[in-house]
Amino acid sequence: MAKVSINIKQGTIQKTSEVVIGIDLGTTNSLVAYTREGKTVVVKDESGKHALVPSILYFNKDKSVTVGDEARKMLALDPANTIYSVKRLMGKSFKDVLDFEQYFGYKVIDEDTDSLVKVMVGDKFYSPVELSAEILKALKLRIEKELNATVSRAVITVPAYFNDTQRQATRDAGKLAGLDVLRIVNEPTAASLAYGIGLDPEESKTIVVYDLGGGTFDVSVLRIQNGIFEVLSTNGDTFLGGDDFDRLLVDYWIEINARNKEQTIADKKLSQAMRLMAEKAKKSLSNTGQFKEMINDMNCQISIETFNKLAQPIVQKTIDYCKSALKDAKLGVADIDQVIMVGGSTRMKLVKDMVADFFEKPVNDSLNPDEVVAIGAGIQADVLAGNQKDILLLDITPLSLGIETVGGLMDTIIPRNSKIPIKAARQYTTSIDGQANLKVSVFQGERDLVEHNRKLGAFILKGIPPMAAGLPKIQIEFIINADGILTVKAKELRSNTEQEIEIRSQFGLSDEEMAKMLLDSIKHAESDMNTRALLEARNEAQNIVLSTGKFLVQNAGILSDDEKSQTADLAKQLAETIKGSDKDVINKAMEVINEYTTPLAQRALEHNISIALQGKNINDDAS
Ligand code: ADP
Ligand code: MG
């Protein structure tokens, strides 16, 4: 496959090898690593002490963004403008995060829809992709300072359970930060690479990666064979981690000091100080048996024995998840060759002991658990840079492949750098009632608008039976065989209507052309992303305008005249904003109309239910 690198500053394409960086984009902390003279290292801050960059953003008064330790200090001082745990929001819809909305100290817009979630800071809306891009930019800057050169190519890790949308969002964030993301790698895969497992194509192993971070727990069972990593199962809890130990300690101190819990927690300054003290105590207990400090007149004291007693049930929970993971992989503890420890919380001796006990073997903990994933990403990056010639690289797709969707947007079905052969599918639907035909146009490239990408072919799926818009389920499947030939199939699943084409010219681009397309995609990342956000906001707004119209007609009987005219007015105002080109204005107008109509919709729903129930009663009486 072609190897190209791009100098963003000069806008030139270089064919020489350039360092590729590895990034661990974590929920709590992020790191960047690279390989120097055959050794992979993490990059530290200016003091040379800290490699971890807290994944926290602070929005200053002038809307500029501070990332990392400085932002972390603002958590307690200015929560509304301090954004943490962005990773939890990546690729999620409003509906997905509704359940844990109260977990965030900042405003996650809370409408009950399928569209992607946004965060509101001041009067601006930010997507998780934009926010993650800020963290990536900070990491990029850090390594550029260290190398005294620009870097443009990266490998980024994600949890093994991340779905397509979450992976795509991570890629987009990289692009927005000015990085050409060569590959998205699973965190457990990176961890095992860091321990040197999987580097020898001859070896065959089954391993468990146990990752206990700040707020999440993941366990993965991997099989490594012929240099290929297969995830046999994953399990875990997205709300279980080091934070839980901190909370337990705070509760314990409140108890031994005979304080009122509500009052203490309500004192934001005190409770934040206690939380920080708890983390300090937890860490120091990993080295010593006792901890004792004061906050004002409060005695913050604990022994390792007491701490372990408090922590035991939480660690036991992680063991239960390990059990499930083994069961899903249809394996027993005897089938596991190695257990790898990842994440800051695995420094706790209790954790190591309980995990070793369960798997009946000592755990691999010789590497710094904070750095394992980043180091593995750095190794993978070095392989992709072509510096480790003895490692087999499987054939990959050089550019993303996808289809055109509403508004001329590119929807990627197979991302670039996917291993081939590969098969991937997505479902779409119609946008007009009774639509009988659907045109499928296939494109190759990294830009958000298809007009900037290369068209590979098109065909029409004919004979979709008449259905209301949104009802047909049209599956588009891309298959690339081992020779790199792409076949695209479209099938309406309710009626089994089917159509397909074969595209042979997939690798017809020269290296130069390919490099130019990649360069363009990075150069235009920001404007592309803005255009996409605007088009998406317009589509969404258009749908709201249409559904509001329908709603008014269907529920004319139960709305007051005032409500009707107010709703119609708001819909009109929203329609007006669609003509403009400011996504924030459109988003705001959507917020306003949603807020106004939600109680009306609720009332309409209750009314319809009560009518339905009445109908049922009549039937019951008759029978
Ligand atoms: P993530 O992968 O979620 O970004 P990390 O792997 O960086 O998170 O883990 C962060 C967590 O590790 C925090 O809860 C922190 O308190 C905890 N941690 C770090 N060092 C220690 C230690 N010595 N003992 C116990 N917990 C620790
Ligand atoms: Mg992590």
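Since the model is a prediction, treat every value here as computed from it, not as a measurement. In listed order, ligands and their atoms are each counted from 1. In this chain, numbering begins with 1 at the start of the sequence shown.
- For ligand 1, residues of the protein lying within 4.0 angstrom by heavy-atom distance are G26, T27, T28, N29, G213, G214, G242, E279, K282, K283, S286, G343, G344, S345, R347, M348.
- Between the side chain of S345 and the backbone N or O of G213, at least one donor-acceptor pair lies under 3.5 Å.
- When atom types are taken as modelled, the side chain of R88 and the backbone of T238 share a donor-acceptor pair closer than 3.5 angstrom.
- Using modelled atom types, no side-chain atom of R142 and backbone atom of V32 make a donor-acceptor pair closer than 3.5 Å.
- One N or O on the side chain of Y195 and one on the backbone of N364 form a donor-acceptor pair closer than 3.5 Å.
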Should F307 and Y252 be marked as a ring pair (Phe, Tyr, Trp, His ring centres under 6.0 Å) after you check the CA-CA gap, both sets of side-chain angles, and the distance that decides it?
CA-CA 9 Å; F307 177 67; Y252 173 74; 9.6 Å; no

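- Between the side chain of E144 and the backbone N or O of V151, at least one donor-acceptor pair lies under 3.5 Å.
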